[in-house]
2 protein chains.
Amino acid sequence: MVQSGGAPRCARDRILDTAFRMFYAHGPRGVGVDTVIAESGVAKATLYKYFPRKDDLVLAYLDKVDQVWFGQLRAAARAAGDDPRDQLVGMFDALASACRSEGYHGCAFINTAAEFEPGSDVHARTVEHKNVVRAWVTDLARRAGADDPERLARQLTLLLDGGLAAGVLDADPVTPDATRAAARVLVDAACSG
Amino acid sequence: MVQSGGAPRCARDRILDTAFRMFYAHGPRGVGVDTVIAESGVAKATLYKYFPRKDDLVLAYLDKVDQVWFGQLRAAARAAGDDPRDQLVGMFDALASACRSEGYHGCAFINTAAEFEPGSDVHARTVEHKNVVRAWVTDLARRAGADDPERLARQLTLLLDGGLAAGVLDADPVTPDATRAAARVLVDAACSG
DNA sequence: AAGTTAACAGACAGGTCTGTCTACACCCAG
DNA sequence: CTGGGTGTAGACAGACCTGTCTGTTAACTT
């Protein structure tokens, strides 16, 4: 990890970088291996050396999305202050940022899961991501003193998924505000005890 | 519309029926025209007579899903009683039914939208569906006396989308209850004035 | 200088995709 | 009996898909 911030040097990084952009924009199934090769200026043999099957590239793509998105989620929560209640609401700022970003196209995990059969490696990875995020939110809800942390976490992640999923249809700028406000109501109601 | 309830007689119905099942299970892009033909026992020329392009078949599929799903939504709301507040919460029973049904695989519209480019006919149709549903919920929220009917409708449809979208990952039986409870909290908070 | 490694360039096989086309069978009205 | 409408059966074109394979070039190591 002595990677500088500039253009990716080695071939593997270039491939993954291109796949990240293209898979998110068109869905993994909508982008051929040849297209990734052409776009990243790499030889076919090189791609298949690092990612023996296309699914391996898709898995690496999901790992990258997981890193980036989960990182933004935690950063948004942290930026909301020390009170876990505020952090539960603050994580929705990550959704607002995502909605404003160019080329926003909804939740990469939901979109990808829709394209792969349940039971496949790729599908399992998307489920795993959602479980990890929900476990993190559950912990936050517990520290916020929620009556039923698991339930609150489920409600908030469902709301988050809804806000994200709606992005594949239409990046409506009203969505993030409405979602954040709803989160506040749910958090206040669940931490009343 | 003199259609009896039994097995679809005419070729067009058989095609659409098969497409409905297969497109929902694997995504429109994941099912070839040849597969639809083989499964519905129809000649290729017949399919292309009724649906000149595959996209026409996808649009017909979305129309059918819209009819069925929107119908279930309204039926669930109606079954919850006369109070519009209860109806806003009751429509989430349609989500519960969907989650319990065999082969449940999330929201057909979100899944399909992820597979088609924004700007395409198919993508536009998915957006239209969501707008129609939200307009209906907005009307319900207005009659429920919500302070800001548009906002409440947006929050509830986002919650609904979240519950639906999560279905593509994992048909968790806890989801519908948590969603319904969250809806109750949001409705009560928005109709306080 | 020789060998090793990484990468590029691109042909190729075998399959699937959409969409068009020809040829044939049936049935019912005139 | 004839002719139009509806359907079946399946070949075909042209594009695209994944994955394998052969050769070549350049850089670094010993």
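Only a predicted model underlies this, so the values are computations on that prediction, with no experimental measurement involved. First the proteins, then the strands, lettered A, B, ... as listed; each starts at 1.
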For B:Phe92, all residues meeting ring-ring contact (aromatic ring centres under 6.0 Å, His included), sequence neighbours excluded: none

Residues at least two apart in sequence or cross-chain that pass side-chain hydrogen bond (donor to acceptor under 3.5 Å, both in side chains) with B:Asp121, listed by chain then number, are none

Specify the residues of residues 31-42 of chain B, ordered by number, for which at least one heavy atom lies under 4.0 angstrom from an atom of DNA chain C. B:Val31, B:Gly32, B:Val33, B:Asp34

Sequence neighbours left out, what passes salt bridge (charged side-chain N to carboxylate O under 4.0 Å, His left out) with A:Asp139? Give chain and number order. A:Arg143

Hits for side-chain hydrogen bond (donor to acceptor under 3.5 Å, both in side chains) against A:Arg151, two or more places apart or cross-chain, chain-then-number order -> none

Spacing between B:Arg29 atom CZ and C:dT18 atom C1', to the nearest angstrom: 15 Å

Any pair counted as side chain to side chain donor-acceptor pair (under 3.5 Å), so long as it reaches residues 90-112 of chain A, sequence neighbours left out: A:Asp93-A:Arg180

Enumerate the side chain to side chain donor-acceptor pair (under 3.5 Å) contacts for residues 160-178 of chain A, please, sequence neighbours excluded, ordered by first and then second residue. A:Lys130-A:Asp161, A:Asp172-B:Arg154

Below 4.0 angstrom, which residues in residues 47-65 of chain A have at least one non-hydrogen atom near DNA chain D? A:Tyr48, A:Arg53, A:Lys54

Would you mind reading off the distance between A:Glu115 atom CD and D:dC17 atom C1', rounded to a whole angstrom? 14 Å

In whole angstroms, how far is the P atom of C:dT18 from the NZ atom of B:Lys44? 8 Å

Under the rule for salt bridge (charged side-chain N to carboxylate O under 4.0 Å, His left out), what residues qualify as partners of A:Glu117, not counting sequence neighbours? none

Each nucleotide of nucleotides 23-29 of chain D classed B (base within 4.0 Å of a protein heavy atom), S (only sugar-phosphate) or -, in 5' to 3' order, makes -------

Strictly by side chain to side chain donor-acceptor pair (under 3.5 Å), give each pair with a member in residues 58-72 of chain B just once, sequence neighbours left out. B:Asp63-B:Arg125, B:Asp66-B:His129

A:Arg53 with A:Asp56: basic N within carboxylate O range, under 4.0 Å: yes

Side chain to side chain donor-acceptor pair (under 3.5 Å) contacts in which one or both residues fall within residues 77-89 of chain A, not counting sequence neighbours: A:Asp86-A:Arg184

Any side-chain N or O of B:Thr46 less than 4.0 Å from the OP1 or OP2 oxygen of D:dT6? no

